[in-house]
Amino acid sequence: MIIIVMGVSGSGKTTIGKLLADSLEWEFSDADTFHSPENVEKMRCGIPLSEDDRIPWLQDLQTAIKHWLQENKNVVLACSALKDSYRQFLVVDSDSTKLVYLKGSYELIQMRLQERSNHYMSEKLLDSQFYTLEEPVDTLCMDVAQPPQIIVQNIRTALEI
């Protein structure tokens, strides 16, 4: 099974994803590591990525997901997946791929980004993240104001894993 933990930057995708993967003894992967150096530099400078910037990144992620599924690996993937079209592209098998949406208020996410250090994602991009976000429907939704351990337990309970 692949669990894609999605949401805007600062929603806790990596934190929750790692905790979830550890609790399940699954592999963890962060979609940020699939970005090209050019994409990382743009984001570091506060420049939103274009659709053309995202296409190779999404293709690489889809290839990885297909590979993990072929190898019957259980993986938690932290990935923004802000648009419905991105999620449709990444969910190559709806029986084996589950989405978890980490939802938080703009104010809470902004505060988290201001407190974060050593990350290339600029706080300046928060507006574009919320603007781009197409909130998923019929997807497991978690309130990021809750403590991470509670969120992980709620995900496990909801997905029965």
Side-chain angles (χ1 to χ4, degrees), residues 1-51 53-83 85-93 96-104 108-109 112-126 128-130 132-134 136 139-142 144 146-149 151-152 154-156 159 161:
M1 177 186 284
I2 309 298
I3 299 174
I4 301 174
V5 179
M6 58 143 307
V8 298
S9 180
S11 62
K13 296 180 299 291
T14 301
T15 300
I16 299 302
K18 284 181 178 178
L19 286 171
L20 179 60
D22 287 347
S23 76
L24 294 167
E25 297 182 358
W26 287 13
E27 187 176 323
F28 172 78
S29 186
D30 194 323
D32 286 347
T33 64
F34 289 77
H35 276 297
S36 69
E38 295 80 15
N39 281 4
V40 171
E41 188 56 31
K42 274 187 166 184
M43 290 184 281
R44 180 176 282 118
C45 293
I47 301 168
L49 298 180
S50 69
E51 291 300 308
D53 295 327
R54 286 188 179 96
I55 290 171
W57 173 69
L58 288 165
Q59 290 170 332
D60 289 346
L61 286 169
Q62 184 189 67
T63 299
I65 290 167
K66 286 179 179 179
H67 180 74
W68 296 328
L69 289 172
Q70 288 171 347
E71 292 190 344
N72 291 317
K73 284 189 174 183
N74 293 314
V75 179
V76 176
L77 173 65
C79 180
S80 55
L82 297 177
K83 288 189 175 185
S85 60
Y86 305 163
R87 295 186 291 272
Q88 288 181 22
F89 190 75
L90 297 175
V91 178
V92 295
D93 179 347
S96 300
T97 308
K98 304 299 177 196
L99 287 168
V100 176
Y101 171 40
L102 299 181
K103 182 176 182 171
L108 174 63
I109 303 297
R112 287 181 174 183
L113 288 175
Q114 288 170 345
E115 293 172 353
R116 187 159 74 175
S117 61
N118 299 324
H119 194 279
Y120 64 79
M121 188 66 169
S122 170
E123 178 195 344
K124 298 175 210 167
L125 292 174
L126 185 59
S128 74
Q129 290 265 300
F130 271 91
T132 302
L133 175 65
E134 296 171 0
T139 298
L140 182 57
C141 181
M142 293 287 139
V144 300
Q146 297 180 68
Q149 294 292 356
I151 295 171
V152 168
N154 290 342
I155 292 169
R156 291 192 63 172
L159 295 179
I161 49 173

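Fair warning: this is a prediction, and the values are worked out from it, not measured in the lab.
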Check: K13 side chain, V8 main-chain N or O, donor-acceptor pair, under 3.5 Å: yes
Would you find more than 12 non-hydrogen atoms of other residues, nucleotides or ligands less than 6.0 Å from E71 atom CD? yes
W26 side chain vs M1 backbone, donor-acceptor pair below 3.5 Å: no
Considering the options E134, Q88, E51, which one meets the side-chain hydrogen bond (donor to acceptor under 3.5 Å, both in side chains) requirement together with K83? E51
Taking side chain as C-beta onward, heavy atoms only, is L102 less than 4.5 Å from I16? yes
For the side chain of R156 and the backbone of S23, is there at least one donor-acceptor N/O pair under 3.5 Å apart? yes
Is Y86 close to M6 at the side-chain level, that is, under 4.5 Å between some pair of heavy atoms? no
Would you mind reporting whether K98 and L140 have side-chain heavy atoms less than 4.5 Å apart? no
Does a side-chain heavy-atom distance below 4.5 Å link T97 with L90? no
Does some side-chain heavy atom of W57 sit less than 4.5 Å from a side-chain heavy atom of L49? no
So, N39 side chain and D53 main chain: donor-acceptor pair closer than 3.5 Å or not? yes
Is V144 close to I109 at the side-chain level, that is, under 4.5 Å between some pair of heavy atoms? yes
I need the L99 CG to I2 CD1 distance, nearest 0.5 Å. 11.5 Å
Is T33 reaching over with its side chain to a backbone N or O of D30, donor-acceptor style, under 3.5 angstrom? yes
Contact between F89 and I55 at the side-chain level, heavy atoms closer than 4.5 Å - yes or no? no
Quick one: pull up NZ in K103 and OG1 in T139 and give me the separation to the nearest 0.5 Å. 11.5 Å
Please round to the nearest 0.5 Å and tell me the distance separating atom NE2 of H35 and atom NZ of K42. 11.5 Å
Nearest heavy-atom approach of L61 to A31 is CD2-CB, 3.7 Å
Can you list the steps and then say if I161 with N74 is a side-chain contact (heavy atoms from CB on, under 4.5 Å)? CA-CA 11 Å; I161 49 173; N74 293 314; over 6 Å; no
Mind checking the OG-CZ spacing from S36 to R54? Nearest 0.5 Å is all I need. 12.0 Å
Under 3.5 Å, is there a donor-acceptor pair between the T63 and D60 side chains? no
Separation between CG of L82 and OG of S128, rounded to the nearest 0.5 Å: 8.5 Å
Are the side chains of F34 and Q59 in contact, using a 4.5 Å heavy-atom criterion? no
Rounded to the nearest 0.5 Å, what separation is found between the CD atom of Q149 and the OG1 atom of T15? 11.0 Å
Determine the minimum heavy-atom distance between C79 and I4, stating which atoms define it. CB-CG2, 4.0 Å
